[in-house]
Amino acid sequence: MFTGVVRQLAACQRAVVVSLALVPVVLVTVACLPAVLVLPAFPGGMQRLGALLASLRRWTDTVLSRS
């Protein structure tokens with residue numbers, strides 16, 4: 001019984017690792033949503049918003065490609 005569970009977990013290991021690694025990225029993204037809504041209203045906000053979104057995109061890409 002135990003070996004069967006281990007085999008099933010080994011089969012879905014990558015999915016589990018990626019889902020666990022994405023939790024902090026999703027939390028940071030949700031925390032940044034107010035900034036996404038407010039930053040464009042400030043001078044130079046679009047540049048800062050672009051940098052913020054590029055960072056979020058880079059973190060997500062790193063998690064998905066290196067997990």
Side-chain angles (χ1 to χ4, degrees):
M1 180 174 158
F2 182 70
T3 56
V5 171
V6 171
R7 284 188 195 130
Q8 289 176 348
L9 288 176
C12 64
Q13 179 181 8
R14 179 174 166 80
V16 170
V17 169
V18 168
S19 64
L20 288 175
L22 278 178
V23 169
V25 174
V26 169
L27 288 174
V28 169
T29 304
V30 169
C32 291
L33 285 178
V36 170
L37 296 174
V38 174
L39 273 177
F42 292 105
M46 289 302 290
Q47 295 164 342
R48 289 187 281 176
L49 181 61
L52 176 67
L53 293 177
S55 295
L56 291 172
R57 189 178 323 121
R58 188 171 46 247
W59 293 339
T60 305
D61 184 47
T62 301
V63 166
L64 292 176
S65 65
R66 296 187 184 179
S67 296

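Basis for what follows: all heavy atoms, side chains included, without hydrogens, waters or symmetry-related copies.
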Within residues 19-48 or reaching into it, pairs that qualify as side chain to side chain donor-acceptor pair (under 3.5 Å) - sequence neighbours excluded: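 Residue pairs passing side chain to side chain donor-acceptor pair (under 3.5 Å), neighbours aside: none found.
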Val36-Met46 co-clustered via ILVMFWY side chain contacts under 4.5 Å: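 Yes, one cluster joins them.
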Least distance between heavy atoms, Val30 atom then Pro34 atom: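 Here Val30 and Pro34 meet closest at O-CD, 3.8 Å.
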Smallest separation among heavy atoms of Pro40 and Ala35, with atom names: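 Reported closest heavy-atom pair: CD-O, 4.2 Å.
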Partners passing side chain to side chain contact (heavy atoms under 4.5 Å, CB included) against Val16 (at least two apart in sequence or in another chain):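 Checked Val16 against side chain to side chain contact (heavy atoms under 4.5 Å, CB included); matches are Cys12, Leu20.
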Show the atom names and distances, to 0.1 Å, of all donor-acceptor pairs under 3.5 Å that link a side chain in residues 49-59 to residues at least two apart or in another chain.
from  : atom 1 : to    : atom 2 : distance (Å)
Ser55 : OG     : Ala51 : O      : 3.1
Ser55 : OG     : Arg58 : NH2    : 3.4

Side chain to side chain contact (heavy atoms under 4.5 Å, CB included), paired with Val23, selected from Leu27, Val26, Val25: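 Passing option: Leu27.
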